Each structure stands twice: as structure tokens, then as C-alpha cells.
Amino acid sequence: MAARLNRRRFLQLVAAAALAPEGRAAAGLRVVVAGAGIIGASIAWHLAKAGASVTVIDRQGPATHASRASFAWINATWSKQPQAYHALNQAGVARWKRLQPELGLPVRWGGSLEGSADASREKEIASRVSEQMAWGEQTKILAGGDLAELEPNVDFTALRQVIYSANDGATNPIAATQAFLDAAVALGAKLVYPCELTGVNLAAGRLKFVSTSGGDIAADRLVLATGAATDSAKRFADWDLPQRDAPGATAITAPMPRVINRVLWMPKVHLHQRDDGRIVLGEEDGPPASHAERLAGHPNDFPTREIALQHAERMLKEAQRYAPDLTKVEFENIVIGWRPMPLDGYPVLGASPARPDVYLAVMHSGVTLAPHVGLLAAKEIAAGALAEELKPFRPDRHFTT
Ligand SMILES: Cc1cc2nc3c(=O)[nH]c(=O)nc-3n(C[C@H](O)[C@H](O)[C@H](O)COP(=O)(O)OP(=O)(O)OC[C@H]3O[C@@H](n4cnc5c(N)ncnc54)[C@H](O)[C@@H]3O)c2cc1C
């Protein structure tokens, strides 16, 4: 992998690390990170930066699961409640902005426009937007000419309210994951795949080594960033982590001339257009209940191209209600993603109460959160510095739906 980095970029990354404000608190600490999605990748880079000896393993490969299928909207909008969770997301957005130049992360900024056609929610949304402003967000409800200026090709007439959140952006989650991993590898981290974590081995309650499909690896700490793999916490951290299924489909077009500038979160469909011209389409609700049988094995791909296209066309039809210029669309990629979703919908971050050397990192909105929680988790693992802001998100909280 390091060989794929050009020499200039490699040296830039090493130089950036030498200036790392986090210091090298973890020198000599051997950490295995299981899971090379965006969460494992960010934690791995931050740990490598702190001087840990890091090995990232993945049973399939980098960004092959949730981080491949993510819509990848980076945001701290009104639905992120309560304030502790909102603040974590705000910190996530801010950290993306700081890290983007350092790591060359591919983000298109410009904000988001969230539309609602639901008259019964008007008051609630207006009060949530006021709350957001009080919490420091650059958010407001826009109408008419202001909207036309921001999105000249979008028809907003079917909507009653449109909320503009100026801070938001969207990324290419596969490229972003790879950027974190490249930077970790440039600092000496090892990336090994396909390599499945199969067991943990303790002596006197402390971690000695992990077993994998590729052999044993000596380790002082294990990070479980295994996403929606629901059996992981029980098997490797000896901890019950209640998770629920939350599938979603994402369709990506071939590059197109620019149609939209911002993330559009519309009723039944959401879309953004990346800097490379590709439009990313997603839907709020997962595939219909009639697909339960087909989804039972948690597939990441549709059984045929034809079925995949049916889903993509359904999303496109909804999108065309707002972006009528979206014609002559060619789909390059249509995938299913499983959101890592703890039962109460909030992140789980922290050492397993049953195995203190095993650190759990499972969450939705992981794209927004990755840069910030990667930093916090690395500090907790490397220096034992417990982050106050992660207190509500510990594995031993009481989970309710
Ligand atoms: C459809 C969809 C839309 C989304 N939209 C957004 C959005 O707009 N904004 C946002 O912020 N978030 C969004 N998310 C959520 C976000 O994508 C996830 O929170 C994030 O990608 C999680 O990353 P991860 O690294 O934890 O998990 P993953 O990317 O799933 O990575 C986990 C990895 O662990 C590996 N693994 C599992 N078990 C083992 C094992 N035993 N040994 C070795 N490796 C193992 C898997 O192979 C996998 O690669 C969305 C998710 C989906 C599915």
C-alpha cells in the first residue's frame, strides 16, 4: 500500500506527523484495529500518529461495508439530538475541516438544503432550527430567491420549508477511508487483508495476542471497529451490544455536468453531486419490508444488476421531482449498506467493561464522526485520557429504542 503513495505525498504525511500536537504518548503500544472502514482507519491513523505500533486487519478489505455504501453527508443538523450528540457531530464537522488539507480528504463543502412538505411539522422544525442557531450552527429557513440563488436548477415548489445548514459537506467515503489508511501506513502501520479476527487471548485478564485467519498477532490493545458485525462485541469484548438492522441503498451515477451544488435532503430521497461530477442518491427508508427474505443474509450487493437498477430508478424518479435536469443518467454503482446501529441509535465508544484492553467503536453517522472520534479514541487508548464528551456514549449505558 505504501508503494501506491507517491513519494512527495508520503514525505508530506510523515512531516505532518512529526508536528503532531498529540505527541507520541503511545510509543511501543501494540494495537490491532479490527475493521478497515472509516472508523477503524481514522483510529488507526491517530494511534500511529501517537506512536503506537498499529496493525489494521479487515476480513474483506478497506471500505467494503458501511463505509462503501454511505451517503457520506457530513453534518450536525437539527435531527441530531440531544445536545451532547449534536456537539459530537459539530466537533466531527470541524475536524473534517481541519484535517482536509493535511490528509487531502475529498470533501465538497457548501452546506445542505433539507426540505419538508409536512405541514404538521412546521412548528417543530422552526423551533429546532432556532435551537440549532443557539447551539452555534449556521442554520436558517430559506425561501424563494435565496433558494434560487443557491440551487438554480432545483425546483422547491412542492416543499413548505427548506432549512439551509451552511456548514455541511459531503465526501467520497471510500477515498476518505483510503486517505486515513495511507496516512497510517506512511507512519508505519500495517494493513492486512483479507484477515479475519477470530479470537482474543488473555493472561491474567490482560490481552496477550489476537487470533486471526492469518495467524496470531501480539497485541496490548484491540480496537473493534467492525461496524454492523453484530456478533463482534460478544465474541471479542465479552460484552452484549444490542444493535438493530438498518439497511439502505445507495446509487452512484457516472460523472455528469453540474446539476446541484449542495446536499439536498428531500422527502423520500437525498442526493449530492461530488466534485468528480458523480451524483450520489440515497433514501431515508431502507428497502421495502417485502425484501426481508432477500436481506436476511445481510448482503452488500443486489442479486442482479436488473434489481439494483429498479432501486436506483425509483430513487431517481423521486430526485427528478426536485432536479428535473437529472436526465440521461447512467448508474455506475448501486449497493446495499448496513448502518452500524446500536439499539438507541447513538455511538458506542469505550473500553469493554468486561475486557479493558478491548475498545469498542461502533456507530452510525460514522462518516461525520470519524475524524473526531478517531482522535478521542486514540487518546483514550494511548494515554488513558478519558474524554468527557464521550461519557454519554459508553458501552455500559442502558440501551433503549
Ligand atoms: C446507506 C447508508 C447511508 C449512510 N449515510 C451516512 C451519512 O450520510 N453520513 C454519515 O455520517 N454516516 C452515514 N452512514 C453511516 C456511516 O457510513 C457509518 O457509520 C460508517 O461508515 C461506519 O464505519 P465503520 O468503519 O464503523 O464500519 P464499516 O465501514 O462497516 O467497516 C467495518 C469493517 O469491519 C470489518 N470486519 C467485521 N468483522 C470483522 C472481523 N471479525 N475481522 C476483521 N474485520 C472485520 C468489515 O469487513 C468492515 O470492512 C450511512 C451508512 C449507510 C449504510
Side-chain angles (χ1 to χ4, degrees), residues 32-44 55-77 79-80 88-89 92-93 96 112 168-171 173-174 176-177 180-181 192-200 210-214 217 222-233 235-237 243 245-252 263 265 270-272 280-287 298 300 311 315 334-342 345-349 360-374 377:
V32 171
V33 178
I38 197 161
I39 297 296
S42 172
I43 295 175
T55 305
V56 185
I57 61 171
D58 197 287
R59 66 179 170 195
Q60 193 171 342
T64 45
H65 286 71
S67 304
R68 169 181 85 141
S70 188
F71 180 66
W73 177 21
I74 299 168
N75 75 92
T77 46
S79 62
K80 299 228 164 135
L88 196 68
N89 281 274
V93 177
W96 271 100
S112 68
D168 300 1
T171 187
I174 299 176
T177 302
F180 277 114
L181 290 171
V192 188
Y193 63 90
C195 179
E196 180 167 3
L197 178 71
T198 54
V200 295
V210 300
S211 302
T212 78
S213 54
I217 307 174
L222 168 66
V223 178
L224 286 179
T226 46
T230 45
D231 60 344
S232 241
R235 279 178 73 199
F236 308 120
Q243 284 180 253
D245 280 351
T250 302
I252 301 176
V263 175
W265 192 271
H270 34 269
L271 56 155
H272 65 83
V280 182
L281 292 162
E283 53 190 353
E284 182 72 75
D285 304 321
H298 286 200
N300 289 301
H311 284 266
M315 289 192 264
I334 307 156
V335 294
I336 305 171
W338 296 83
R339 298 173 177 90
M341 190 67 87
Y346 295 111
V348 167
L349 282 148
L360 291 156
V362 179
M363 73 209 72
H364 179 55
S365 279
V367 168
T368 301
L369 296 172
H372 186 58
V373 300

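Keep in mind that what you see is a predicted model, and the values were worked out from it rather than measured. Indexing begins at 1, ligand by ligand and atom by atom, following the structure's order. Positions are given from 1, in the same order as the sequence printed here.
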Notebook entry, point to check: Going by the order shown, which atoms of ligand 1 are within less than 4.0 Å of some heavy atom of Trp338?
Noted result: 53 (C)

Notebook entry, point to check: Is there a heavy atom of Ala34 sitting under 4.0 angstrom from any atom of ligand 1?
Noted result: no

Item checked: Non-neighbouring partners of Ser79 that pass side chain to side chain donor-acceptor pair (under 3.5 Å), sequence neighbours left out -> none

Checklist line | Nearest-neighbour protein heavy atom for atom 3 (C) of ligand 1, which is reported as residue plus atom name and distance | finding: Phe71 N, 3.4 Å

Check: Checking Arg339 side chain against His364 main chain: does a donor-acceptor pair fall under 3.5 Å?
Finding: no

Next item on the list: Taking only heavy atoms of Gly37 into account, list the atoms of ligand 1 that are under 4.0 Å away from them.
Entry: 25 (O), 29 (O), 31 (O)

Note to self: Any nitrogen or oxygen of Thr368, side chain or backbone, less than 3.5 Å from one on ligand 1?
What the structure shows: yes

Item checked: For Gly337, atoms of ligand 1 separated by under 4.0 Å from a heavy atom -> 53 (C)

Next item on the list: If the plane angle is over 60° it's perpendicular, under 30° parallel, otherwise tilted; pick one for His298 and Trp338.
Entry: parallel

Next item on the list: Around atom 9 (N) of ligand 1, find the nearest protein heavy atom and jot down its residue, atom name and distance.
Entry: Trp73 O, 2.9 Å

Note to self: Please list the nearest protein heavy atom to atom 49 (O) of ligand 1 with its residue and the distance rounded to 0.1 Å.
What the structure shows: Asp58 OD2, 2.6 Å

Note to self: With heavy-atom distances below 4.5 Å as the criterion, would you say the side chains of His270 and Phe71 are in contact?
What the structure shows: yes

Check: Is any side-chain heavy atom of Val32 less than 4.5 Å from a side-chain heavy atom of Ile57?
Finding: yes

Check: So which bit of Ala225 gets within less than 4.0 Å of ligand 1, heavy atoms only: side chain, backbone, both or neither?
Finding: backbone

Checklist line | Test item, Cys195 contacting ligand 1 (heavy atom, 4.0 angstrom) | finding: yes

N/O donor-acceptor pairs under 3.5 Å from side chains in residues 222-231, not counting sequence neighbours:
from: Thr226; atom 1: OG1; to: Ser232; atom 2: OG; distance (Å): 2.8

Next item on the list: Please indicate whether any nitrogen or oxygen in Arg235 is less than 3.5 Å from any nitrogen or oxygen in ligand 1.
Entry: no

Notebook entry, point to check: In the protein, what heavy atom is nearest to atom 21 (O) of ligand 1, and what distance, to one decimal place, separates them?
Noted result: Ser67 OG, 2.9 Å

Note to self: Need the ligand 1 atom indices (1-based, order shown) with element for anything under 4.0 Å from a heavy-atom of Ala69.
What the structure shows: 1 (C), 2 (C)

Check: Which ligand 1 atoms are under 4.0 Å away from a heavy-atom of Thr64?
Finding: 49 (O)

Notebook entry, point to check: So is there a nitrogen or oxygen of Glu196 less than 3.5 Å from a nitrogen or oxygen in ligand 1?
Noted result: no

Item checked: Per-residue contact class, Met363 against ligand 1 - non-hydrogen pairs under 4.0 Å -> backbone

Next item on the list: Just let me know how Pro62 lines up against ligand 1, side chain, backbone, both or neither, with a heavy-atom cut-off below 4.0 Å.
Entry: neither

Check: So which bit of Pro340 gets within less than 4.0 Å of ligand 1, heavy atoms only: side chain, backbone, both or neither?
Finding: side chain

Item checked: Reported OG1-to-CH2 distance for the pair Thr368 and Trp73, which is rounded to 0.5 angstrom -> 8.5 Å

Check: Quick one: are Val93 and His372 in side-chain contact, heavy atoms under 4.5 Å?
Finding: no

Next item on the list: List the closest protein heavy-atom neighbour of atom 17 (O) of ligand 1: residue, atom name, distance to the nearest 0.1 Å.
Entry: Ser70 OG, 2.9 Å

Next item on the list: May I ask you to identify, for Thr177, whether its side chain, its backbone, both or neither come under 4.0 Å of ligand 1 on a heavy-atom basis?
Entry: neither

Check: In Å and rounded to the nearest 0.5 Å, what is the OG1 to CD1 distance from Thr171 to Ile74?
Finding: 5.0 Å

Item checked: Shortest non-hydrogen contact from Thr177 toward Pro173 -> OG1-O, 2.7 Å

Item checked: Nearest neighbour of atom 27 (O) of ligand 1 from the list Gly227, Pro194, Ala72, on a heavy-atom basis -> Gly227

Check: NE2 of His65 to CG of Asn300: how many Å apart, nearest 0.5 Å?
Finding: 4.5 Å

Next item on the list: Would you mind running through ligand 1 and noting each atom that sits below 4.0 Å from a heavy atom of Gly35?
Entry: 33 (C), 34 (O), 35 (C)

Next item on the list: Provide, to 0.1 Å, the distance between atom 52 (C) of ligand 1 and the closest protein heavy atom, together with that atom's residue and name.
Entry: Arg339 CG, 3.5 Å

Note to self: Quick check on contacts: which atoms of ligand 1 are under 4.0 angstrom from a heavy atom of Thr250?
What the structure shows: 1 (C)

Note to self: I'd like to check Leu369 versus Asn89 (side-chain heavy atoms, cut-off strictly below 4.5 Å). Are they in contact?
What the structure shows: yes

Check: Going by distance only, is there an N or O of Ala361 that falls short of 3.5 Å from an N or O of ligand 1?
Finding: no

Notebook entry, point to check: In terms of residue, atom name and distance, what is the protein heavy atom nearest to atom 26 (O) of ligand 1?
Noted result: Ile39 CG1, 3.3 Å

Next item on the list: Locate the shortest heavy-atom distance separating Thr198 from Arg235; write the atom from each residue and the value.
Entry: O-NH2, 3.6 Å

Checklist line | Proximal atoms of ligand 1 relative to Leu197 (non-hydrogen, under 4.0 Å) | finding: 40 (C), 41 (N), 42 (N), 43 (C)

Checklist line | Nitrogen or oxygen of Arg59 less than 3.5 angstrom from that of ligand 1 | finding: yes

Check: Mind checking whether Trp265 and Thr77 have side chains closer than 4.5 Å, heavy atoms only?
Finding: no

Check: Less than 3.5 Å between some nitrogen or oxygen of Ile38 and one of ligand 1, yes or no?
Finding: yes

